[in-house]
Every structure is written in C-alpha cells, then in structure tokens.
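Below, chains carry the letters A, B, ... as their sequence lines are ordered, and counting in each starts from 1.
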Amino acid sequence: MIKMRMSKLYLPTLKEDPSEADVVSHKLMLRAGMMRKHSAGIYSYLPLGYKVIKKIEKITRKHMDNAQAQEVLLPIMQTSEIWKESKRWDKFGPLMVKFFDRKNREYCLGPTHEEVVTDLVKDEIRSYKDLPLNLYQIQTKVRDEIRPRFGVMRGREFIMKDAYSLDIDYEGLDKSYQAMYDAYEKIFAECGLEAVAVEADTGAMGGKDSHEFMVLADSGEDQIAFCDSCEYAANVERASAEKTNIDFEDDAEIEKIHTPDIKTIEDLEEFLAYPAARMIKAVAVVADGEAVAALVSGEDELNEVKLINYLKANELRAAEEEEFEELYQSTAGFIGPVNLKNVRIIADKRLKNISGAVVGANEKDYHLKNVKAGRDFEVEAYTDLRLVKEGERCSKCSDGHLNIKAGIEVGHIFKLGTKYSENMQADYLDENGKSQPIVMGSYGIGITRLVAAAIEQNNDEYGIIWPKSIAPYQIIILSLGNDEEIKVKSEEIYEDLKTAGYEVLLDDRKERAGVKFNDSELIGIPLRLTIGSRSLENGVVEAMIRENNKKLKIEIDNIEDKVAELIKEIS
RNA sequence: CGGAGCGUGGCGCAGUUUGGUAGCGCACCUGCUUUGGGAGCAGGGGGUCGAAGGUUCAAAUCCUUUCGCUCCGACCA
C-alpha cells in the first residue's frame with residue numbers, strides 16, 4: 001500500500017491569501033495547495049486537488065453507469081467540418097480555440113461534443129433496434145471564455161462529464177432525460193452538495209426542455225427565482241411572474257414635451273412627477289446586425305435572454321452611440337416607439353393596452369406623453385420580455401411569491417431533439433422501414449466547477465470543510481514532537497487505520513504543532529487525530545471533527561471502533 | 001470588447017507623487033535554543049523592479065508602446 005506521508009507530499013500551502021483571488025473557493029483552492037494557475041482560467045491540479053476531482057469523477061461514473069450510460073472517450077481536437085454541418089461553427093465562434101494542422105485543415109479544441117457524438121453514431125446506428133443509447137465521457141473541455149473568473153468556477157479549460165442520449169422518439173427522450181435527472185440528483189447528493197434543479201434556458205445548445213442544477217451560494221453567477229409556495233424554480237433568464245397589464249385609461253391626444261437632458265427613467269419620474277410605470281423604456285439592441293427596439297415598462301428591466309429567444313437570434317448587443325442615428329434615426333436617451341422606422345419593435349406583454357404613457361420622442365431633449373398603444377405606435381408582437389423581481393407573484397400558483405437567490409450552475413441537462421441529427425443526417429430506420437432522425441439529449445456536469453461549489457458551500461474561517469465523500473483523505477494524523485515513542489505510535493495507528501480501509505494522511509513533518517493544526521484545518525480533512533506526549537501518557541489521542549471543530553479524547557486501545565463510529569457520524 | 005485597478009526575490013506588500021546605492025514581513029539555507037495552536041536569537045542566499053523603446057549625468061520612479069493578471073458588464077459546466 002502506498003504510504004502517504006505529508007513530509008513527502010507535494011502540498012504547498014499558503015499562509016496568506018493570494019492577491020489574484022477574491023472568491024472564497026478560489027482563495028482556498030490556492031491556499032490549500034490544490035492547484036496553481038498556469039494562465040487566466042487555466043490551472044494545474046496538484047495531488048490534493050486532483051484527488052478530490054477523482055473522487056467526484058468516481059461518484060459520477062457510478063451513477064452514470066447505473067443509469068445505463070456507457071463511458072467513452074471522444075476527441076478533444078475536432079474538425080471544423082462537423083461544426084459547419086451542425087451550423088454551430090459561427091454560433092460558437094470566438095468561444096472556440098481554432099487552429100490549422102500542417103495540411104491546412106481547420107480544427108477546434110472541443111468546447112462540447114454534440115457534433116462528435118452525432119458524427120460517431122450516425123454510421124453505426126441503422127435501426128431502431130440499436131436504440132436507445134447513452135454515451136458519456138469525462139474530459140477536458142476548452143472554451144475561450146470572454147472572461148474567465150473566480151478560479152475554476154469559470155475556466156477556459158475545465159473538466160466536464162458530458163453525456164448524450166439517443167432515442168427513437170420524444171417519448172424515449174423523456175425517459176432518458178428523466179433517468180439523467182434522477183442520476184444527477186444522486187450524484188450531487190452523494191457529493192454532499194445541496195443542489196436544486198431549476199428550469200433553464202437552452203442557450204447555444206438549442207432544444208426544448210432544459211434544467212440546470214444549481215448549488216446555492218452567494219458567489220454564484222446565476223440568479224434563480226424560487227416560489228415560496230409551490231415547486232416552481234427557474235433561472236431568472238427564463239422565470240416569469242404574474243404581473244398585471246398597465247393601463248391608465250387615458251385617451252388624451254399625444255403631446256410633445258420638452259425634457260432637457262432628461263435621459264433616464266429616474267430623471268423623468270422626478271421631472272414629470274409620474275410613476276415609472278407610466279414610462280415605456282425602449283431598449284435599442286442589435287440582433288445579428290438587425291436594429292431592434294425592445295419595449296418594457298419603465299419599472300421593469302429587459303430580459304435579454306427572452307428577447308433573443310423570441311428573435312431566434314445568435315447574437316444580441318446594445319446599440320452603439322453612432323447606431324442610434326444610423327439605424328434608428330433617433331438619439332440615445334430619447335428613443336421611443338412612435339414613428340420609429342425600419343426597426344423591429346417588440347413589446348413586453350404588460351404594455352399591450354397601455355395608454356397615457358410617456359415615451360422618447362426620437363429627438364434630443366424631447367419626450368411624448370399621452371401615448372397609446374395601437375393608436376400611436378404598432379409593435380411586431382407582445383410577449384414576455386421582463387426580468388422578474390424579488391417578491392413578485394408566482395406565475396405557476398396563485399398565492400406564492402418569488403424569492404431570488406444566487407446559485408452556481410454545476411449541471412445542465414437538455415432535450416436537444418433532432419437539431420443535430422437532422423443537420424448531420426444521423427438517421428435510423430423505424431419499424432416501417434422509414435428513415436427517422438435520432439432524437440437526442442445532452443447532459444453536462446462541470447466536475448472542476450463542482451469542486452469550487454463544494455468549497456463555497458463548505459468552509460469556515462479556518463479553511464475548507466470537505467464532505468467526507470469527496471474529501472481527499474478521510475483522516476489526518478498529526479504526529480507532534482520529536483519523541484520516538486510518539487513517532488512509533490503514530491505510524492502504528494496510521495498503518496492500522498489504512499489496513500482498516502481508510503484513506504489516511506500522516507503529518508510527519510518536522511513542523512511545530514501550530515503549523516500542523518492550521519494546515520489540517522485549511523485542507524479540510526473530516527477527521528483529525530492528534531498524537532502527542534500529553535495525550536499519549538493517558539493512553540488517548542485527541543480527535544477533532546472538522547465539521548464542527550469539536551474535540552474529544554479517544555482511547556488508543558479501541559481506536560478503530562471509535563474512528564468507525566466518528567466517521568459514520570460525519571456528513 | 002467597454003469601464004476600473006494591479007505587475008518590485010517563491011508568497012504578501014512598501015518604495016513611484018518630488019528621478020540619486022532596491023527594502024520589509026513570511027518562506028528558504030546554517031547554527032544554537034524551543035517543542036500541543038503559524039517559535040526565539042545569530043548568520044546567510046536569492047530580485048536585469050512584466051517587456052521593449054525613449055528622456056536624463058542618473059529611471060522601479062518621467063514619457064511612449066506592448067504583454068500579462070484581477071475586478072465590474074455581455075457568454076457558460
């Protein structure tokens with residue numbers, strides 16, 4: 001058996017917070033010697049960090065295998081052809097690292113593997129008898145993120161478990177999807193994480209249903225709306241709330257008003273003494289090069305994801321200064337829907353019957369009041385475009401209200417449908433000998449992000465507190481002092497516990513007690529056994545449970561039984 | 001890409017405003033003491049001050065360019 005003595009372990013811990021980190025998991029992963037940065041969003045994992053990763057991978061494999069998924073390993077280097085076939089070469093665009101080989105053939109480093117899987121199975125799967133199938137892998141993904149952040153939370157290189165289900169029809173997909181949903185719940189639970197499934201947007205993956213698995217943490221980059229009464233939980237990108245339409249029942253004629261240098265809703269509220277609900281906010285965005293004005297109430301915020309989905313656009317960005325003139329014949333701060341030419345106007349459904357509204361006049365320093373929808377302007381469509389807010393009424397049940405919390409997306413599952421199989425001609429023959437596209441799903445878990453999420457959820461002022469299922473070691477033995485008897489006893493206990501099947505780390509370094517105590521807390525090992533002259537005289541060692549930092553004396557004579565008992569109690 | 005900030009021994013920082021012999025703490029090496037909560041004393045090693053160019057008798061410090069990193073916004077596991 002391999003001896004893991006701390007004197008030989010490559011574990012460079014840091015006493016001070018590194019200046020490059022300011023999120024707790026990032027700081028602790030560096031301080032605990034789990035990893036080191038190579039470049040922005042790219043890390044080397046050191047022995048301790050890699051051990052945790054392997055633990056999570058093992059748990060993931062177990063539940064994937066139990067769900068009848070089969071592990072494969074797909075190429076990291078992928079030809080541009082398959083991406084062009086699926087029509088995502090441009091969609092993923094700058095997110096992909098692209099390069100040419102010596103024969104001038106173009107490749108990318110795989111940011112995800114839908115294309116490869118579809119390409120792989122399309123020649124092998126000929127009949128409905130070959131389906132269903134679920135293939136998964138655990139592999140490094142490369143995405144040239146716009147902004148890598150928070151250490152391993154948003155890296156440019158990260159380890160992901162990705163699975164792809166292949167079914168004959170949507171009914172089969174529903175089953176495959178549910179199986180993955182269930183497996184995910186088990187995986188996160190076994191990793192000791194509190195994760196919740198929420199309704200999600202499908203983004204660049206496409207498809208219809210989608211759930212994200214979120215670990216609630218203040219440092220999370222996602223906002224999630226939860227109903228306090230029913231089961232409803234959704235990413236705010238998608239969440240909807242019950243809001244009444246706005247109508248001031250005011251038929252007065254439209255009127256132009258001078259509003260010098262009044263550009264924001266707040267300024268207007270003050271200047272006109274009208275509530276924000278009376279204003280219409282027109283947000284100028286350019287979607288795939290096309291000018292769009294999105295209308296929401298002055299008291300609401302535009303939800304860009306909802307807009308992009310309505311438009312079926314690839315890219316959405318705010319209009320630039322010059323574009324207000326060129327594309328909108330308007331001016332920043334005074335844009336409005338009345339007489340807005342050659343611009344697609346999409347409005348939030350709350351504005352459907354609005355009257356008596358105030359809008360920009362498309363002229364510097366002027367607004368229009370008493371504006372009425374339908375009479376003074378037309379829109380292409382009324383649809384849900386607003387971002388939900390804390391406390392609003394739930395759209396699923398009548399009596400609940402929405403709470404908004406931050407979360408870290410650790411898993412995401414998609415019902416892809418036939419988008420890839422159709423674009424890439426992955427067909428099978430059904431019972432009637434008729435060619436049908438394979439119905440697909442895709443399922444991801446960010447393994448390395450999960451490590452960070454686990455730390456975000458389990459830490460204190462002293463360091464990491466690993467849930468025992470993913471801890472790099474379950475037990476750490478501190479051997480204090482230079483006394484020969486202590487060294488011998490420590491070795492003995494160490495060997496016994498190893499033989500009993502535990503993963504044990506022995507701190508045999510020539511360090512002072514304080515250093516050992518602090519390092520053991522920093523690296524978050526669930527159970528610590530301290531062996532020193534003070535306790536040894538009385539035939540006991542001191543145990544400390546990292547979870548609650550409680551200490552107790554245990555007798556050396558029946559140490560194995562006592563350790564088993566303690567480990568069992570630890571979560 | 002837009003906005004903000006930072007690059008000085010391995011790590012954390014001071015020094016830059018006002019140009020004039022590169023410093024502090026931690027870590028590291030040697031010796032002695034200490035030894036259950038990040039030790040003490042003594043001695044020691046290590047930095048072309050992110051890079052390039054310029055101004056100057058003289059540049060970490062002033063100017064120009066450039067690269068990297070972090071944070072705030074749009075992307076995602």
Side-chain angles (χ1 to χ4, degrees), chain A residues 12-23 26 30-31 33 36-42 60 91-96 111-113 138-163 184 200-205 212-215 220-222 235 237 285-286 304-305 308 314-318 320-321 408-414 442-453 462 478-483 486 510-522 528 530-536 541-542 544 549 551:
Chain A
T13 57
L14 264 24
K15 203 184 286 190
E16 290 170 282
D17 280 338
S19 63
E20 69 184 61
D22 64 4
V23 173
H26 189 191
L30 292 167
R31 285 192 55 206
R36 285 294 181 263
K37 184 176 69 190
H38 171 76
S39 172
I42 303 176
T60 304
K91 182 146 192 160
F92 260 78
L95 194 67
M96 293 197 285
T112 176
H113 285 73
I138 294 178
Q139 208 213 39
T140 298
K141 298 276 187 277
V142 178
R143 293 185 189 173
D144 194 2
E145 288 286 343
I146 299 170
R147 183 146 98 83
R149 234 202 290 224
F150 306 150
V152 101
M153 283 254 250
R154 175 181 300 280
R156 291 195 291 172
E157 198 186 276
F158 58 97
I159 300 172
M160 178 169 160
K161 185 288 303 176
D162 47 324
Y184 274 37
D201 183 65
T202 55
M205 291 299 167
E212 286 166 332
F213 289 80
M214 295 284 187
V215 167
E221 297 182 81
D222 286 275
N235 193 310
E237 291 175 348
V285 293
V286 178
E304 293 188 11
V305 174
I308 208 168
N314 285 325
E315 185 219 24
L316 192 74
R317 60 173 175 82
E320 283 159 27
E321 203 69 32
I408 301 164
E409 181 191 358
V410 290
H412 200 159
I413 59 179
F414 302 86
S442 116
Y443 315 90
I445 290 179
I447 302 283
T448 39
R449 181 182 281 180
L450 187 48
V451 177
Y462 306 109
L478 303 195
S479 177
L480 300 186
N482 290 318
D483 200 282
I486 291 168
K510 289 186 187 19
E511 287 288 353
R512 301 177 66 81
V515 173
K516 296 190 180 189
F517 284 130
N518 284 312
D519 274 347
S520 80
E521 283 148 21
L522 176 62
R528 178 173 83 196
T530 305
I531 299 162
S533 54
R534 191 187 288 175
S535 52
L536 210 55
V541 300
E542 183 193 273
M544 189 181 93
N549 294 335
K551 294 175 184 170

For atom [atom1] of [X] and atom [atom2] of [N], their distance in whole Å:
| X | N | atom1 | atom2 | answer |
| --- | --- | --- | --- | --- |
| A:E221 | B:C75 | CD | P | 12 Å |
| A:D222 | B:C76 | CG | C1' | 8 Å |
| A:I159 | B:A77 | CD1 | C1' | 12 Å |
| A:R36 | B:G10 | CZ | P | 14 Å |
| A:D162 | B:A77 | CG | C1' | 9 Å |
| A:I42 | B:A77 | CD1 | P | 19 Å |

Partner nucleotide, any strand, of [N] [Watson-Crick/G-U, under 3.5 Å]:
| N | result |
| --- | --- |
| B:U48 | none |
| B:G68 | B:C6 |
| B:C1 | B:G73 |
| B:G53 | B:C63 |
| B:A39 | B:U33 |

Under the rule for ring-ring contact (aromatic ring centres under 6.0 Å, His included), what residues qualify as partners of A:H412, not counting sequence neighbours? A:F414
Is the shortest distance from a Lys or Arg side-chain nitrogen in A:R528 or A:E521 to a carboxylate oxygen in the other one below 4.0 Å? yes
Per the side chain to side chain contact (heavy atoms under 4.5 Å, CB included) rule, which among A:T530, A:L480, A:L478 passes with A:E542? A:T530
For the residue pair A:M160 and A:G444, what are the closest heavy atoms and their distance? CE-CA, 3.8 Å
Assign a letter to each nucleotide of nucleotides 68-74 of chain B from its 5' end: B, base within under 4.0 Å of a protein heavy atom; S, sugar-phosphate only; -, no contact. -SSBBBB
What is the per-nucleotide protein-contact pattern of nucleotides 33-45 of chain B, from the 5' end, where B denotes a base atom under 4.0 Å from a protein heavy atom, S denotes such proximity for sugar-phosphate atoms only, and - denotes neither? -BBBBBB------
Residues A:L30, A:R36; criterion side-chain contact (heavy atoms from CB on, under 4.5 Å); working and verdict: CA-CA 6 Å; A:L30 292 167; A:R36 285 294 181 263; 4.3 Å; yes
Quiz question: by atom type and distance under 3.5 Å, do the side chains of A:S533 and A:D483 form a donor-acceptor pair? no
Base of B:C76, side chain of A:R143 - is there a donor-acceptor contact under 3.5 Å? no
